[in-house]
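Start at 1 with the first residue, then count along the sequence.
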Amino acid sequence: MWQLFSHQHYFGIRWIDQEQLHITVHFLGEVENETIAQIALQLPVICNSIPAFDLQIENFRTVSKNQKPTMIWAQLEDHLSFSALCLSLRSSFPTGETRMPQPHITLARIRQLHQLPFDLPKAKPFLIPVNSVELWESHLHADGSKYQVLGQWKLKK
């Protein structure tokens, strides 16, 4: 998937480094260290209640804001276990998020473009195994966010 895009560079498009690609199940925002410790205690319980599952890529798409593209996603098909995991985390760690979970991988962030200078390719179906949850901390840099893994918990087998 990554090689479909990374060989071309366009002004205004920042591709996400391969090691930074991820599927967000719940965005917490800024939290205190005490909250992180509580999350680390509750995540094993939540993960033990959700069976491992596979997500299938559905297509590539642009996400727009004010009629301008802002991101390129690998859109994944909805899955009941993904939704259950997202909603369980929202319930345990509320942030005010009310939108339905949309499984996706952000491939690029777009600035200052009114349209993409290329067409997105058709996605070839393949499965992404989801068998664990990681807690990531985001660090903002001039060239985008960099993530650090704080912990990992296995989903139920």
Side-chain angles (χ1 to χ4, degrees), residues 1-7 9 13-65 69-111 120 123-157:
M1 169 181 64
W2 180 248
Q3 285 71 25
L4 292 174
F5 301 108
S6 64
H7 68 282
H9 300 279
I13 300 175
R14 185 172 38 84
W15 299 99
I16 306 300
D17 291 336
Q18 193 168 3
E19 63 275 358
Q20 300 289 303
L21 295 173
H22 63 278
I23 302 167
T24 300
V25 291
H26 185 49
F27 180 76
L28 296 166
E30 187 127 352
V31 296
E32 301 293 325
N33 287 338
E34 299 81 36
T35 304
I36 293 171
Q38 292 171 351
I39 292 167
L41 288 173
Q42 289 187 13
L43 268 170
V45 175
I46 293 169
C47 289
N48 283 330
S49 70
I50 306 289
F53 56 95
D54 293 328
L55 289 174
Q56 182 168 307
I57 190 163
E58 188 172 83
N59 61 35
F60 298 110
R61 66 176 275 231
T62 57
V63 176
S64 297
K65 184 176 185 180
T70 58
M71 291 182 273
I72 298 173
W73 281 4
Q75 182 71 48
L76 308 170
E77 288 184 356
D78 290 333
H79 194 286
L80 289 176
S81 292
F82 178 81
S83 295
L85 179 59
C86 292
L87 297 174
S88 181
L89 290 167
R90 282 185 195 175
S91 175
S92 296
F93 312 109
T95 61
E97 178 63 69
T98 59
R99 295 175 291 185
M100 286 303 297
Q102 290 188 50
H104 68 276
I105 301 169
T106 300
L107 301 175
R109 298 197 182 277
I110 303 167
R111 288 191 181 162
L120 295 176
K124 292 184 179 179
F126 67 90
L127 295 177
I128 300 171
V130 179
N131 53 27
S132 64
V133 171
E134 294 178 343
L135 178 60
W136 287 22
E137 182 176 25
S138 175
H139 301 277
L140 295 177
H141 295 274
D143 59 342
S145 294
K146 302 294 180 196
Y147 303 102
Q148 174 184 358
V149 177
L150 301 179
Q152 181 183 53
W153 297 267
K154 295 281 184 194
L155 295 174
K156 185 169 80 174
K157 291 188 180 204

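- Shown here are the side chain to side chain contact (heavy atoms under 4.5 Å, CB included) partners of Ala52, two or more places apart in sequence or in another chain: Asn131, Leu155.
- Listed by first and then second residue, the salt bridge (charged side-chain N to carboxylate O under 4.0 Å, His left out) pairs that reach into residues 97-107 are Glu97-Arg99, sequence neighbours excluded.
- To the nearest 0.5 Å, atoms CD (Gln18) and CG (Leu107) are separated by 10.5 Å.
- With sequence neighbours excluded, the residues satisfying side chain to side chain contact (heavy atoms under 4.5 Å, CB included) with Gln20 are Ile16, Asp17, Lys146, Tyr147.
- Residue Gln38 holds its CD atom at 11.0 Å from OG of Ser92, rounded to the nearest 0.5 Å.
- Taking all atoms of both residues into account, the shortest heavy-atom contact from Ile57 to Ala74 is CD1-CB, 3.9 Å.
- No more than 12 heavy atoms of other residues, nucleotides or ligands shown are found within 6.0 angstrom of CD on Glu32.
- Every residue two or more places apart in sequence or in another chain that forms a side chain to side chain contact (heavy atoms under 4.5 Å, CB included) with Arg61 is listed here: Asn59, Val63, Trp73, Gln75, Gln102.
- Residue pairs meeting the ring pair (Phe, Tyr, Trp, His ring centres under 6.0 Å) criterion with at least one member in residues 77-97, sequence neighbours excluded: Phe53-His79.
- Here the closest non-hydrogen pair linking Ala108 and Ile13 is CB-CG2, 3.8 Å.
- Looking at every heavy atom in both residues, Thr106 comes nearest to Leu21 through O-CD2, 3.4 Å.
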Side chain to side chain contact (heavy atoms under 4.5 Å, CB included) between Leu28 and Ile36, intermediate numbers included: CA-CA 10 Å; Leu28 296 166; Ile36 293 171; over 6 Å; no

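- The CZ atom of Arg111 sits 6.0 Å away from atom CZ of Arg14, with the distance rounded to the nearest 0.5 Å.
- Sorted pairs that involve residues 73-92 and meet salt bridge (charged side-chain N to carboxylate O under 4.0 Å, His left out), not counting sequence neighbours, are lacking altogether.
- A side chain to side chain contact (heavy atoms under 4.5 Å, CB included) with Trp153 holds for exactly one of Val45, Leu43, Asn48; it is Leu43.
- For the pair Ile105 and Ile128, the minimum side-chain heavy-atom distance is below 4.5 Å.
- Applying the 6.0 Å contact sphere to CG of Leu80 captures no more than 12 heavy atoms from other residues, nucleotides or ligands.
- For the atom pair CE (Met100) and OG (Ser83), the distance works out to 5.0 Å, reported to the nearest 0.5 Å.
- In this structure, the separation between CG on Leu76 and CG on Leu127 is 10.5 Å, given to the nearest 0.5 Å.
- Although no hydrogens or angles enter the test, the distance criterion places no donor-acceptor pair under 3.5 Å between the side chain of Ser91 and the main chain of Leu87.
- In this structure, OG1 in Thr24 is found 6.0 Å from NE2 in His104, a value given to the nearest 0.5 Å.
- A distance-only check finds a donor-acceptor pair linking the side chain of Ser49 to the backbone of Ile46 [under 3.5 Å].
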